[in-house]
Peer 1: 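A single structure is presented below for examination.
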4 protein chains.
Amino acid sequence: MRKKGANGQESRAKLLMIAANEFARSGYHHTKISTIVSRAGLTQPSFYLYFESKEAIFRELVGNFRSGLKELIEGSRLEGGIREDDVPDRLLAVLTSLFEYLGKDPDSTQIGFYISEESAAIKSEMAAMIANNLRAEQQEGYFRAEADMAVISESLVGVIERLTLQELLNGKRPSGDLARHVVNLFMHGICEHPYGRVSGDKFQGV
Amino acid sequence: MRKKGANGQESRAKLLMIAANEFARSGYHHTKISTIVSRAGLTQPSFYLYFESKEAIFRELVGNFRSGLKELIEGSRLEGGIREDDVPDRLLAVLTSLFEYLGKDPDSTQIGFYISEESAAIKSEMAAMIANNLRAEQQEGYFRAEADMAVISESLVGVIERLTLQELLNGKRPSGDLARHVVNLFMHGICEHPYGRVSGDKFQGV
Amino acid sequence: MRKKGANGQESRAKLLMIAANEFARSGYHHTKISTIVSRAGLTQPSFYLYFESKEAIFRELVGNFRSGLKELIEGSRLEGGIREDDVPDRLLAVLTSLFEYLGKDPDSTQIGFYISEESAAIKSEMAAMIANNLRAEQQEGYFRAEADMAVISESLVGVIERLTLQELLNGKRPSGDLARHVVNLFMHGICEHPYGRVSGDKFQGV
Amino acid sequence: MRKKGANGQESRAKLLMIAANEFARSGYHHTKISTIVSRAGLTQPSFYLYFESKEAIFRELVGNFRSGLKELIEGSRLEGGIREDDVPDRLLAVLTSLFEYLGKDPDSTQIGFYISEESAAIKSEMAAMIANNLRAEQQEGYFRAEADMAVISESLVGVIERLTLQELLNGKRPSGDLARHVVNLFMHGICEHPYGRVSGDKFQGV
DNA sequence: TATGAATGAGTCTTCATTCAT
DNA sequence: AATGAATGAAGACTCATTCAT
């Protein structure tokens, strides 16, 4: 006769899930081990059967999110040789899958993007990878040569993190919708009648 | 010769400044009153001479940042009747002063944008105000009629917060530079040769 | 061999007992959690395993005393229909059990009667219950019709609290002894030769 | 030109009065020097111009009450040789002046009787003096020879303190009224038909 | 006579973590 | 696989009191 929850893997997974939820809702410091185990129907010492410390479980959550994100982005470089007309659709596909990733586990996204002290690093890493992708594509002539891809990629990350928080995680808009908005913004801007770009003595064109 | 710190207002201001710095560097919970007062050359009880609690001084800091930001944005609507050609320059001016505000007191910006639990609310408020401004300008024909200003303003806030953190606060680029990049991105996008916009059955154009 | 104090209920009871003693001897403010736990052979956090706060354990102590007292007095109304000659003996029994209650746990009595801010309320409640009992008995003709039972019961409470503190708690006299003194005083007074009662223009007889 | 409140004696008296009020209302520990001086329109250091410490001002208040009380009681022994019939009226007069003393400065009475740690001692002293007076009168045959004046005086003090708190200080009954109730109770008791006194094998008669 | 500014000393309370079973 | 009981370490906050002016 198995004891209730006697399957260690189950308990571990349960703790991980609940911890993610607590961290996402309350932040790292306000989350208490006692709350987590209590929601899991366990006691405090049991927690330490599966995780070394509060920090360890948090790191595991952040790590999972981070590596999944990295993998996704690494696999999304535009293949060379696609027709120029296809660029927007390719971008759209990439961004859609990115938003889908961010939306499928809101607690982890919350943690990785907004709670963790690693958040800044994660987004920087993300921006760097995107910048690489974009530069490669830029070299193939898909984007304006003078565009500063460091700034563009940081901007893109900023847009993504903001829309994720404000539109995606609370269910206001679906991934594809958001992706399309972003593509159109980054492709064409919002200006009615394109005219010259702003510049100045001390500024360089984007 | 005046006693060191014998002026209460000086002590208060000092504590406020040091607290901002500690909160910005270490976050709310890791910041200790003992550290703050020690850096100010005071003792713990003195802190409570000027502030009700740790939370109170934090709130004051956040409040100052928030109201300053609000005031700035509220005063920045494009006046109607300017020539269409001037729109980019006006936007540039607005964004420049915004980045300047965000860059002049990095600790407060850090707190208001990234540390406070109010951060989300602050940015939402900011996005809402910007959306209002943009809509007004949209009605005067400066921007594409079909652009969804809710998404645009959220995106703009995302870009601003990201560039502030990655480029402005660590001194990589000056306010004007960033502002110009943002204007160009939002005006025209990064696309080399404008072609049709992406769309889909279930999506509406931006 | 059981670990010392490994039984939670024992620890709780121990803390409760020691706390009562400390509160009784030193008053609420001078009583330190550190002293209580140290006397119990525990550390401070253990205290919070069993009680929410210093105030909570104090309230529990006061509450226990109060409810026990209430129960005792509520159950002590003289049954109607007893012979008039038996009234003193019945009163004697009631007062004896009251003094016994007050004397069996001196620390709690000290707390409930003299330390707690609720003391006044406790004694008022006690006086009100006694007044009710006395009035019922008065209606059955056991006591003089013109006696003001509000004043009498307050007086009785005053006598009880004073004798408890001065004679009972320090062991000078046993419960029965005190009860008998009180009965005789309230029944007959101390006057050698009963003469007329004092009265005055503006006073009503007791 | 005199500074406001430049008269030291005025400030001192003011502090004393306010302190009495605060101590009476809030107890010793909850009373804060900061509150006292603030109500007096002074600052904290000024307090130490007139009193050595918080404890010192408290002691002064208690001392004043105590010595006034002592003086009053000492002067109230029944002169020998009065007619037996006059005893009640003499007692009445004594008790009336006692209640008047207790009622004229409620804050001080509150402090001396209920707040101070000296309260027990004050009442004991009071009981002892009363016992002396009563014994003297008992020897002159005014009271029953077998009455135990130690218990009687303690009881009397108990009645006085209780009626003072419950009836006098909150204005429910005037001094003379209370005094008369007490005299009648102690002279004759409340029994309708005097019958034998309770006694027991192990008890001695009052 | 009065005060602006500052502090020494002390206590409650919290929480992650562990031990023995 | 799980837990009842216990703790080490740390930080916020309070208040009577004093110094220099």
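Computation of the quantities below employed the complete heavy-atom set of this structure, encompassing side-chain atoms and omitting hydrogens, waters and symmetry-equivalent molecules.
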Peer 1: Mind calculating the distance between CZ (C/F51) and P (E/dC12) to the nearest angstrom?
Peer 2: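 It works out to 15 Å between those atoms.
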
Peer 1: Using side-chain heavy atoms (C-beta onward) and a distance below 4.5 Å, is D/D107 in contact with D/L61?
Peer 2: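 Side chain of D/D107 against side chain of D/L61, heavy atoms only: no contact under 4.5 Å found.
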
Peer 1: Assuming nearest nucleotide by heavy-atom distance, tell me which of B/P45 and A/S53 is located more 5' along DNA chain E.
Peer 2: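 With B/P45 and A/S53 compared, the 5'-side residue is B/P45.
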
Peer 1: Just the rounded figure in Å: distance from C1' of E/dA6 to CG of B/L15.
Peer 2: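 After rounding, the reported distance stands at 12 Å.
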
Peer 1: Does any non-hydrogen side-chain atom of B/S46 lie less than 4.5 Å from one of B/T43?
Peer 2: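 Touching, per the 4.5 Å side-chain cut-off.
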
Peer 1: Expressed as a whole number of angstroms, how long is the span from C/K14:NZ to F/dA6:C1'?
Peer 2: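 Rounded to whole Å, this separation is 13 Å.
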
Peer 1: Can you list, by residue number, the residues of residues 22-39 of chain B that have a non-hydrogen atom closer than 4.0 angstrom to DNA chain E?
Peer 2: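 Nothing qualifies; none.
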
Peer 1: Could you check C/N21 against C/R39 for side-chain contact (heavy atoms from CB on, under 4.5 Å), going step by step and ending with a plain yes or no?
Peer 2: CA-CA 11 Å; C/N21 188 247; C/R39 278 186 55 188; 3.0 Å; yes

Peer 1: Can you tell me if A/K14 has over 12 outside heavy atoms packed within less than 6.0 Å of its NZ?
Peer 2: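 At most 12 heavy atoms, drawn from other residues, nucleotides or ligands, come within 6.0 Å of this atom.
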
Peer 1: Give the dot-bracket string for DNA chain F, reading 5' to 3', where a pair is Watson-Crick or G-U wobble with both distances under 3.5 Å, ( ) marks pairs inside the strand, [ ] marks pairs crossing earlier ones, | marks a partner on another strand, and . marks unpaired.
Peer 2: .||||||||||||||||||||

Peer 1: Whole Å only: how far is the CD atom of B/E55 from the C1' atom of F/dG11?
Peer 2: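 Answer to the nearest Å: 15 Å.
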
Peer 1: Could you pick out which residue, C/Q44 or D/Q44, lies toward the 5' side of DNA chain E when each is mapped onto its nearest nucleotide?
Peer 2: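 Closest to the 5' end, via its nearest nucleotide, is D/Q44.
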
Peer 1: Is the distance from OP1 or OP2 of E/dA6 to the nearest side-chain N or O of B/T43 less than 4.0 Å?
Peer 2: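 Negative; the distance criterion is not met.
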
Peer 1: Are the side chains of B/T31 and B/T35 in touch, meaning some heavy atoms are under 4.5 Å apart?
Peer 2: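 Answer no - side chains too far apart.
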
Peer 1: How many whole angstroms separate atom CG of C/L42 from atom P of F/dG8?
Peer 2: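 Value for this atom pair: 11 Å.
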
Peer 1: OP1, OP2 of F/dA5 versus side-chain N and O of C/S46: anything below 4.0 Å?
Peer 2: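 For F/dA5, neither OP1 nor OP2 has a side-chain N or O of C/S46 closer than 4.0 Å.
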
Peer 1: Quickly work out the D/Y50 OH to E/dT1 C1' distance and round it to whole Å.
Peer 2: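 Going from OH in D/Y50 over to C1' in E/dT1 covers 6 Å.
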
Peer 1: Does D/Y48 make a side-chain N or O approach to OP1 or OP2 of E/dT3 shorter than 4.0 Å?
Peer 2: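 Looking at the OP1 and OP2 atoms of E/dT3, neither is under 4.0 Å from any side-chain N or O of D/Y48.
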
Peer 1: Measure the distance from CG on B/L49 to P on F/dC13 and round it to the nearest whole Å.
Peer 2: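 Computing the B/L49:CG to F/dC13:P distance gives 15 Å.
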
Peer 1: Can a side chain N or O of C/S11 be found less than 4.0 Å away from OP1 or OP2 on F/dA5?
Peer 2: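 For C/S11, the contact criterion (side-chain N or O under 4.0 Å from OP1 or OP2 of F/dA5) is not met.
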
Peer 1: Okay, side chain of A/S108, backbone of A/F65: is any donor-acceptor separation there less than 3.5 Å?
Peer 2: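 Between the backbone of A/F65 and the side chain of A/S108 there is no qualifying donor-acceptor contact (under 3.5 Å).
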
Peer 1: Does the structure place the NZ or CZ of C/K54 under 6.0 Å from the centre of the six-membered ring of C/F23, at an angle of no more than 45° from the ring's axis?
Peer 2: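 Judged by the rule (NZ or CZ under 6.0 Å from the ring centre, within 45° of its axis), C/K54 is not positioned above C/F23.
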
Peer 1: Is the shortest side-chain heavy-atom distance between C/I111 and C/F58 below 4.5 Å?
Peer 2: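 Side-chain contact under 4.5 Å: yes.
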
Peer 1: In whole angstrom, give the distance that lies between atom NZ of D/K54 and atom P of F/dT14.
Peer 2: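 My rounded result for the distance is 15 Å.
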
Peer 1: Decide yes or no for C/M126 and C/F113: does some side-chain heavy atom of the first lie under 4.5 Å from some side-chain heavy atom of the second?
Peer 2: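 Of all side-chain heavy-atom pairs linking C/F113 with C/M126, at least one is under 4.5 Å.
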
